[in-house]
Amino acid sequence: MTAMFSDRLRTALELADHDQIIFDLGGIEDAYGALLTELPGTAIRFAIKSCPVDGVLETLAGRGSGFDAASPQEIVQALATGVAPELVHYGNTVKSDRNIADAYQLGIRDFATDSVPDVVAIAANAPGSRVFCRLGTTGTGALWGLNRKAGCSVRDAIVVLSIARAQGLVPSGLSVHVGSQQMTTAAWQNAFDEIAFAMTELADVGIRIDRINLGGGLPALGYLDRAGTALDPALAAIFATIRSGMRRLRELSGTELEFVMEPGRHLVADHGAIRAHVVRLSEREQPDGERERWLYLSCGKFNGLYEIDQVRYRMVFPTHPQGLQVPAVVAGPTCDSDDVFGQEPTPAQVPEAIFSGEPVWILSCGAYSTSYTTQRFNGFEPLPVTVLPVAIHA
Ligand SMILES: *Cc1c(COP(=O)(O)O)cnc(C)c1O
């Protein structure tokens, strides 16, 4: 088993006698430290939406992390860790006048933007603030593209930041998001090309930015692809591309350039695991005459595994370390036909002798699990959250 399945997580999963999601705070802290080692001098602002669990935010704040918040509610949660408001930015380009005013009231002075109506609203409701304009990306190479809804062209960015300046805001920077679980270096290369082009164009209109926000998109390492083989993101090459891109932009800038990153998934995905249980292994003939086994679990799309249509997770059946395995489509407990592992359900290997009530561990599901959970779809409650405290070092 891979390193992302820490001994701490294993022990906690072994001890868990009911369904829950477990976060290894020590693992998250180590991931934060490793990221700073890879990208020295970068300010990290954890994307809260990927894992809005207080213990996780407190752990990261304790290490010096700031936060990327998408709403006043997330800002409140971030500030509750005791972090200074200067380390929290409003990273959502979608916000009402009221949202902006509330954030300003809470002490937030850094806002993402990508359009004239939004930047005018920021000037009116958060006067004097710093804004960074998000450039659009294609999302190619990512499992979740995040394209089109946020981000504008370089041409628009010039207009948006010029208006920001004219309205008394500080046109502070540019941001990108290459798409979540970005697997390629090419996407990063393109993002740096786009930022470099925008910086040159901005300099022509007399705007010198001092901050680049590289967004999220760094991959988790523990996912499987649809066929059940390990996804193998080129993480080392991605970091090398980012470092050289940062060097290039620093040279281009000629002045101090601060880099910010807003990782979500990369910091938490591999450090969360779910203890679920088997509902039933069944076998049925489909209308087309095909016989299929289905393994129904107590946890699925609506209570912890929202992302099952894009990724597959490593599963461990601890009561069946060996024995005959059979192919079965894996699915969650609800009567919704989307609650199935895989867009086109692909069978996984599961123990033939497994019975109702036996435990199953689902690994690398620490990102976008608690936040993407329904209240009581079909009556299923959100999973209880367990956080494993950071070990006290002697
Ligand atoms: C979702 C999001 C992130 C985090 O993305 P990951 O792929 O989880 O790292 C960062 N920044 C913004 C603006 C986002 O919307």
Side-chain angles (χ1 to χ4, degrees), residues 23 28 31-32 34-36 38-39 42-53 56-57 60 65-71 73-75 77-78 87-95 99 103 108 110-115 118 131-152 157 173-184 187-188 191 195 211-223 231 233 235 238-239 242 259-272 306-307 310-311 364-372:
F23 290 99
I28 293 170
Y32 178 85
L35 180 55
L36 282 184
E38 289 288 353
L39 303 176
T42 307
I44 308 295
R45 294 185 173 181
F46 177 62
I48 299 173
K49 75 173 189 284
S50 68
C51 189
V53 169
V56 169
L57 303 195
L60 289 168
S65 181
F67 296 99
D68 165 50
S71 65
Q73 295 88 327
E74 282 192 351
I75 292 167
Q77 191 183 5
L87 293 184
V88 181
H89 65 243
Y90 203 139
N92 193 348
T93 55
V94 184
K95 42 199 168 329
N99 292 155
I108 303 307
D110 273 312
F111 292 82
T113 189
D114 63 357
S115 71
D118 183 69
V131 290
F132 50 97
C133 189
R134 173 134 162 208
L135 298 174
T137 56
T138 63
T140 306
L143 265 65
W144 294 270
L146 307 183
N147 57 334
R148 295 200 88 87
K149 184 164 182 181
C152 64
L174 294 164
S175 74
V176 288
H177 196 303
V178 294
S180 202
Q181 187 73 16
Q182 175 55 253
M183 302 291 291
T184 70
W188 286 103
I195 295 169
R211 181 181 292 179
I212 303 289
N213 180 337
L214 296 173
L218 293 173
L221 300 179
Y223 298 145
L231 276 184
L235 188 62
I238 286 171
F239 282 135
I242 296 174
F259 285 94
V260 175
M261 270 201 112
E262 315 163 322
R265 184 183 303 283
H266 179 71
L267 292 182
V268 292
D270 293 324
H271 308 289
Y306 181 77
E307 298 191 320
Q310 292 295 336
V311 284
S364 293
C365 51
Y368 301 102
S369 40
T370 60
S371 46
Y372 273 141

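Order of appearance sets the numbers: ligands from 1, and atoms from 1 within every ligand.
Note that CD of Gln73 and CG of Asn99 are 7.0 Å apart. Values are rounded to the nearest 0.5 Å. Distance check: Ile44 CD1 to Asp68 CG gives 12.0 Å after rounding to the nearest 0.5 Å. The structure places OG1 of Thr140 at 8.0 Å from CD of Gln182, a figure rounded to the nearest 0.5 Å.
At most 12 heavy atoms of other shown residues, nucleotides or ligands fall within 6.0 angstrom of atom OH in Tyr306.
Side-chain atoms of Arg265 and Ser180 form a donor-acceptor pair, as typed in the model, at a separation below 3.5 Å.
In terms of the side chain to side chain contact (heavy atoms under 4.5 Å, CB included) criterion, residue partners of Ala70 (sequence neighbours excluded) are, by chain and number, Glu74, Asn92.
Pocket lining of ligand 1, defined as residues with a non-hydrogen atom under 4.0 Å away: Ala47, Lys49, Asp68, Gly91, Arg134, His177, Ser180, Gly216, Gly217, Glu262, Pro263, Gly264, Arg265, Tyr368.
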